[in-house]
Structure formats: C-alpha cells, structure tokens
Amino acid sequence: MKVVIIGGVAGGATAAARIRRLDEQAEIVVFERSGYISYANCGLPYYIGGVIEDPEALTLQTPESFFSRFRVHMRVRHEVTAIRPEQKTVCVKNLDTGESFEESYDRLILSPGAKPTQPRLPGSGLPNVFTLRTVEDTFRIKDYIQKNHPASAVLAGGGFIGLELAENLRELGLEVTIVQRPRQLMNPFDPDMAAFIHGEVRRHGIKLALGRTVEGFAPHGSGVDVLLKDEAPLHAGMVVLAIGVTPDTALARDAGLELGLKGSIVVNDRMETSAPGIYAVGDAVQVKHSVTGEDAVISLAGPANKQGRIAADNICGGGSRYLGSQGSSVIKVFGLTAAATGVNETNAKKAGLAADKVVLSPMSRAGYYPGGRVMTMKVVFEKETYRLLGAQIVGYEGVDKRIDVLATAIRAGLKATQLKDLDLAYAPPYSSAKDPVNMAGFMVDNIAGGVLRQWHLEDVPALPRDGSAALLDVRTPQEFGRGHVEGFQNIPVDELREQLGELEPGRPVYVMCQSGLRSYIACRILAGHGFTAYNFSGGYRFYDAVTHDRCLIERAAACGMDQ
C-alpha cells in the first residue's frame with residue numbers, strides 16, 4: 001500500500017507516524033510546501049519574543065529524523081498543484097528546482113491546514129506588513145525587528161496568535177495596538193469574560209482599538225499607516241495581520257471534493273472525503289461540534305492530531321471514529337491564563353439552546369495557604385435538563401487544571417449538577433476541599449433544587465427601582481464605600497438578621513456582595529424569614545470589571561481614539 005500525504009505539520013505528520021506503526025510495509029510519502037515539518041504553530045510568537053531562543057526547538061522533527069525513525073519520505077519544499085482522483089495521482093512541483101512530476105497513491109490524506117485570512121486590502125503587500133502562520137513567516141518578522149528596530153506595531157486581529165504576538169512584541173519593548181472589528185478579544189469567550197483579558201493587556205500597556213475596521217495600509221516614512229473606516233489612520237513601524245485563518249482547500253475544490261463551511265472539506269467520522277480513497281484532517285476539515293451537533297470549523301492542534309491518527313487507523317483497516325470537537329483551548333496573556341471549552345453563552349443561544357449560567361470567583365488554592373489567587377469561572381448549562389454546555393475560566397494559576405476537568409465532564413455527558421460529585425484531588429497548595437469545579441456544581445444543584453435564585457449583569461437596567469423591590473448590598477461599609485451599584489442600600493450580612501425590619505415584607509430582594517458567597521448566605525437568611533431573594537451572579541467584583549471594560553470601549557468609540 002502506498003499512502004501520499006499532503007501537508008507535514010500536525011495532522012499529516014501524526015498520520016504518517018501512525019501508519020508506520022500499524023504497517024511496516026506501507027510506502028509513505030509526505031509533500032510539505034514549506035521547508036519545515038512537524039513544527040509547533042503555537043510556539044511561533046514565543047520565538048519572535050525571545051522566550052524560545054533556539055529556532056530548531058520550533059520543529060519537533062526534521063525530514064532526516066522522521067525518515068530515520070519511521071522510514072517516511074518527507075519531501076519539503078514540494079507543493080502539490082493538483083489532485084486527480086480518477087487516476088489516483090497528484091501533481092507535484094519541486095519549489096527549489098522547478099521540476100514538476102506526478103506521484104501515484106493507493107490512499108491519499110489531505111492535511112493542508114489553514115492560511116491566514118487576508119482580505120484584499122490596499123497596501124497589504126508592503127514590506128512591513130506581515131502574516132504569521134509558518135516558520136518562514138516567523139523568521140521574516142524576527143529578522144525585520146532585529147534589522148529595523150521598529151518602535152511600534154499594529155496587530156489586526158485579537159485571536160490566539162494576535163494576542164500571543166502582542167505579548168511578545170510588548171516584552172521586546174514595542175508599543176502595541178490591537179485593532180479588531182468585534183468589540184472584544186478572543187471570541188471563544190463571552191464579552192463579560194473577555195473583559196478580564198482586556199484588563200490584563202491594558203495593564204501591560206497594550207492599546208485596544210475594538211470595533212474598528214481596517215480598510216488598508218499606506219507607506220508613511222519608514223513605517224506604515226493603518227487605514228481605518230471613518231477614523232484617522234494609526235501609524236506604526238510594522239503591521240501583522242492576525243485576522244484569523246481560512247481552510248486552505250483550493251486543491252480539494254479543484255479536485256471536485258465536497259466542501260462545507262468556509263470552504264472546508266466535508267468528511268465523515270472516519271475522516272473520509274466525498275472521493276473514494278481520499279481522507280482529510282486538521283484545520284481544513286468540517287467537523288461536528290460535539291456540544292451543539294452543528295457543523296463547525298475548529299482550527300486547533302489537538303483535534304488535528306487526533307484526526308490524523310483516526311485517518312491512519314482506518315487506512316490500515318481499523319474502525320476509528322472522530323466524535324467531534326468541543327473547542328477546548330487555553331492561552332497565556334502575560335501573567336493571566338484564560339481557558340474555555342464547549343460553547344459559550346453567546347453561541348449557545350445562537351444555536352437555539354436555552355442556556356443559563358453560574359459565575360463564581362473561587363480561590364485557586366486553600367484560602368489559608370499563602371499565594372492563592374482569585375479566578376473567575378463561568379459555567380454554562382441548559383435549563384431544565386442541566387446538560388453541561390461549556391465553561392470559561394480566567395485566572396492566574398490552576399485554570400488549565402479546572403478547564404480540563406470541565407472539558408472531560410462535557411465529553412462524558414455529565415450534567416452540571418453532577419460536578420458537585422466529582423472526587424478531585426485536594427491539598428492546600430493546590431486547591432480547597434471544595435474545589436472550584438465542585439463549587440460550580442453546588443451552585444447549579446442549588447438552582448435545580450430551588451435553593452438559589454439568580455439575577456445577572458444583563459438584568460441591571462431592568463431592576464425595579466420604584467420601591468417595589470429592595471436592592472441590597474451585604475458587603476462591609478468599607479467595601480460599599482469603595483464602589484457600589486447606584487440605588488443599593490448597604491446592610492452587612494452579619495447584621496442582616498437584626499436589620500430585617502428595614503425591609504418591607506412581601507417585596508422581592510435583589511442581593512449583591514463582592515463575589516456572590518455572602519449574598520447567597522444573605523438570600524438564605526432572607527428566605528428563612530419569608531422573603532423571596534435573588535442572588536447576583538458573579539458579585540460586585542464581576543460587575544465592576546465588566547462595566548468598567550464596557551465604559552472604556554464606549555468612550556473610545558465616542559472619541560474616535562484608541563484605548
């Protein structure tokens with residue numbers, strides 16, 4: 001059996017190694033357009049910033065080491081220009097010599113990945129306007145910085161690559177501005193959770209120009225002007241386009257394969273395309289979202305590697321199935337860690353799901369153990385069924401651990417109420433006896449049992465301020481004095497029983513504290529005395545962070561200036 005693989009990075013390299021492990025006699029040929037194989041896309045910004053010093057560390061394998069171990073022919077700088085399914089051949093061009101030839105196959109795997117989204121903007125070909133996707137892109141950016149010493153950079157796009165590159169450029173001393181058409185960074189997160197990411201990048205001196213549209217670029221002295229719609233241009237020493245990625249599927253389209261969302265390749269759960277004998281994996285394929293069941297394109301290394309293994313299994317006579325992607329991801333933002341899995345509240349509602357959520361601010365370790373930090377968790381679930389839909393966490397330690405537990409719970413089909421039953425490891429340096437994941441489960445279980453009634457940030461404008469309800473802040477007077485929501489009266493939770501006479505019986509009470517814990521206790525006290533009480537989800541800490549972020553975004557939009 002002869003297997004040809006187009007693309008030698010995550011999915012393609014994984015498939016090649018797996019085929020060899022299953023079939024020692026198979027002939028395996030990989031064509032990779034770039035000069036590198038099996039490289040870590042996610043590490044590229046950290047080489048530019050100097051965190052990764054050795055360029056060879058970016059590549060997990062070389063063509064020589066891959067052949068030595070697996071006897072796989074890795075042909076770099078070879079571009080496949082056409083696929084001929086009827087003849088079972090591909091047309092290949094050697095980019096170094098210009099030679100063109102045909103290669104036959106018994107099975108073909110497409111792993112072309114995705115390419116940076118590049119809208120046809122005037123000036124996008126300027127020498128100081130870059131994209132970042134390959135090792136070669138990385139070297140070009142690093143060389144430009146070392147030779148030209150730009151003082152500033154504008155990044156068009158605020159996703160994973162844009163945010164990681166912004167951090168690394170800032171650490172090099174550049175003034176950095178992120179321009180983004182959406183009014184938030186990191187779309188896997190809901191806008192309220194993205195507020196904490198915005199706060200971290202602002203604290204490190206990065207400017208945000210959110211809700212802006214880039215219309216082109218123009219040379220300006222030794223730098224470049226970024227042309228914005230209806231606003232004055234931004235000047236910078238260099239620009240990096242990080243708007244997103246698009247499935248690189250021109251070969252599949254020209255070969256007549258069925259395409260789906262964003263031009264991605266349609267595959268079944270065996271990673272088979274519409275053409276017999278042809279498989280596809282990685283960023284170029286359409287998959288099912290394992291939570292919503294909808295078609296999706298999810299460009300992440302984890303799914304690509306799994307898909308490569310599954311395609312290899314099936315080529316070698318196995319019966320592996322891909323069960324869908326849920327988009328689990330994590331990113332370092334200076335000292336912050338932000339992670340998400342499943343669907344966020346925004347996308348759950350777009351998918352027609354009746355979504356509810358809990359927001360909590362637990363400590364990363366036992367409160368009495370030094371060094372703990374607060375994290376912000378948002379767990380999204382389906383009303384009535386309590387099916388776990390997704391989660392987002394932003395914090396400084398222990399975030400990745402908790403998101404992996406929640407990702408596993410989603411994959412296992414656990415309900416949000418069952419999070420309380422998880423038996424998780426505990427020691428004071430690592431967690432509390434009630435782990436944050438357990439705490440989220442306790443909260444959802446209280447909702448399911450009618451013990452907890454919530455109100456949320458989006459309910460603030462509609463709060464009854466005509467005296468038909470009580471608005472109660474149960475923090476200390478000192479906390480209340482440092483900031484509170486207009487119209488709320490302050491009765492500390494420890495004094496509430498003695499001051500119940502200040503609340504009119506029969507009227508609902510909307511309660512708030514710093515994190516949501518004391519207000520929950522207050523709600524239980526009130527319920528025990530015949531009141532109907534609602535607890536604010538997330539607490540004043542959450543309210544203050546999100547409303548402050550929205551204020552900055554609105555102010556910048558009104559003034560036409562960067563934040």
Side-chain angles (χ1 to χ4, degrees), residues 1-39 59-94 99-113 248-249 251-252 255 257 265 267-285 287 301-323:
M1 177 177 64
K2 180 178 180 180
V3 182
V4 168
I5 301 173
I6 301 175
V9 191
T14 295
R18 177 66 172 173
I19 291 169
R20 174 58 71 228
R21 289 194 292 269
L22 297 178
D23 187 341
E24 184 64 19
Q25 277 69 51
E27 181 183 357
I28 308 167
V29 181
V30 179
F31 294 112
E32 168 56 41
R33 181 169 47 197
S34 76
Y36 301 88
I37 64 161
S38 194
Y39 59 83
T59 52
L60 307 177
Q61 294 275 1
T62 65
E64 294 76 18
S65 67
F66 214 94
F67 182 81
S68 177
R69 176 156 299 179
F70 298 111
R71 294 301 187 268
V72 169
H73 300 279
M74 285 283 187
R75 299 181 182 175
V76 296
R77 299 281 298 159
H78 280 69
E79 180 177 12
V80 175
T81 58
I83 301 168
R84 295 176 175 170
E86 297 81 7
Q87 291 83 18
K88 286 197 169 184
T89 61
V90 295
C91 302
V92 187
K93 182 177 182 179
N94 184 324
E99 173 196 6
S100 294
F101 59 92
E102 287 195 9
E103 189 85 20
S104 64
Y105 65 83
D106 297 309
R107 297 290 185 271
L108 177 66
I109 299 177
L110 306 182
S111 183
D248 191 357
T249 55
L251 281 174
L257 273 62
I265 304 169
V267 294
N268 61 18
D269 60 359
R270 289 171 53 87
M271 309 313 298
E272 295 170 321
T273 71
S274 58
I278 300 180
Y279 297 73
V281 302
D283 294 353
V285 305
V287 298
N305 278 277
K306 295 180 184 72
Q307 293 160 13
R309 177 187 174 93
I310 289 168
D313 285 353
N314 292 319
I315 284 172
C316 295
S320 294
R321 296 288 191 273
Y322 188 65
L323 302 179

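These values consider heavy atoms only, across backbone and side chains, with no hydrogens, waters or symmetry-generated copies.
Between Pro85 and Ile83, the shortest heavy-atom contact is CD-O, 3.3 Å. A pairwise comparison of heavy atoms in Ala15 and Ile109 identifies CB-CD1, 3.8 Å as the closest pair. Taking all atoms of both residues into account, the shortest heavy-atom contact from Gly12 to Ser111 is N-OG, 3.1 Å. The two atoms that bring Pro112 and Ala284 nearest to each other are CG-CB, 3.7 Å, heavy atoms only. When every heavy atom of Met1 is checked against every heavy atom of Cys316, the shortest pair comes out as CE-SG, 4.3 Å. Gly7 and Val30 make their closest contact through O-CG1, 3.8 Å (heavy atoms, listed as atom of the first residue, atom of the second, distance).
Contact of the Asp313 side chain with the Arg309 side chain is registered, since non-hydrogen atoms from C-beta on lie closer than 4.5 Å. Arg84 is listed as a side-chain neighbour of Cys91, based on a closest heavy-atom distance under 4.5 Å. In this structure, the side chains of Val267 and Glu272 stay at 4.5 Å or more apart for every pair of heavy atoms. Side-chain contact between Tyr279 and Leu108 is absent, with no heavy-atom pair separated by less than 4.5 Å. Looking only at side-chain heavy atoms (C-beta outward), Ile5 and Leu110 stay at 4.5 Å or farther from each other. Residues Arg20 and Ile28 meet the side-chain proximity criterion, which asks for heavy atoms closer than 4.5 Å. Looking at Pro63 and Ile37, their side chains come closer than 4.5 Å, going by heavy atoms from C-beta outward. Asp283 is not listed as a side-chain neighbour of Asp248, based on a closest heavy-atom distance of 4.5 Å or more.
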Going through the distances and angles, do Tyr322 and Met271 end up as a side chain to side chain contact (heavy atoms under 4.5 Å, CB included)?
CA-CA 7 Å; Tyr322 188 65; Met271 309 313 298; 3.8 Å; yes

Could you walk me through whether Asp106 and Val3 pass the side chain to side chain contact (heavy atoms under 4.5 Å, CB included) test, one step at a time?
CA-CA 6 Å; Asp106 297 309; Val3 182; over 6 Å; no

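Taken from CZ in Arg77 to OH in Tyr36, the straight-line distance is 10.0 Å, to the nearest 0.5 Å. Once rounded to the nearest 0.5 Å, the distance linking OG1 of Thr249 with CD1 of Ile265 reads 6.0 Å. Taking CD of Glu64 as the reference point, atom OG1 of Thr62 lies at 4.5 Å (rounded to 0.5 Å). A distance of 8.5 Å separates NZ of Lys88 from CD1 of Ile278, quoted to the nearest 0.5 Å. Considering CZ of Phe31 and NE2 of His73, their distance stands at 10.5 Å, rounded to 0.5 Å. Taking CD of Glu32 as the start and CZ of Arg75 as the end, the distance is 14.0 Å to the nearest 0.5 Å.
A salt bridge is absent between Lys93 and Glu79: the closest approach of a Lys/Arg side-chain nitrogen to an acidic carboxylate oxygen does not fall below 4.0 angstrom. Lys2 and Glu103 are joined by a salt bridge, as a carboxylate oxygen and a charged side-chain nitrogen come within less than 4.0 angstrom of each other.
No side-chain N or O of Ser65 forms a donor-acceptor pair with one of Ser68 less than 3.5 Å apart. Side chains of Thr89 and Gln87: no donor on one and acceptor on the other come within 3.5 Å.
The cationic group of Arg69 does not satisfy the cation-pi geometry with Phe66, failing either the under 6.0 Å distance to the six-membered ring centre or the 45° limit from the ring axis.
Using cut-offs of 30° and 60° for the angle between ring planes, the His78 and Phe101 rings count as perpendicular.
A donor-acceptor pair under 3.5 Å links the side-chain atoms of Asn314 to the main chain of Arg270, judged by distance alone. Using modelled atom types, one side-chain atom of Asn305 and one backbone atom of Ala301 make a donor-acceptor pair closer than 3.5 Å. At distances below 3.5 Å, not a single donor-acceptor pair connects side-chain atoms of Arg18 with backbone N or O atoms of Thr14. The closest donor-acceptor contact from the side chain of Ser320 to the backbone of Ile310 lies at 3.5 Å or more, if one exists at all.
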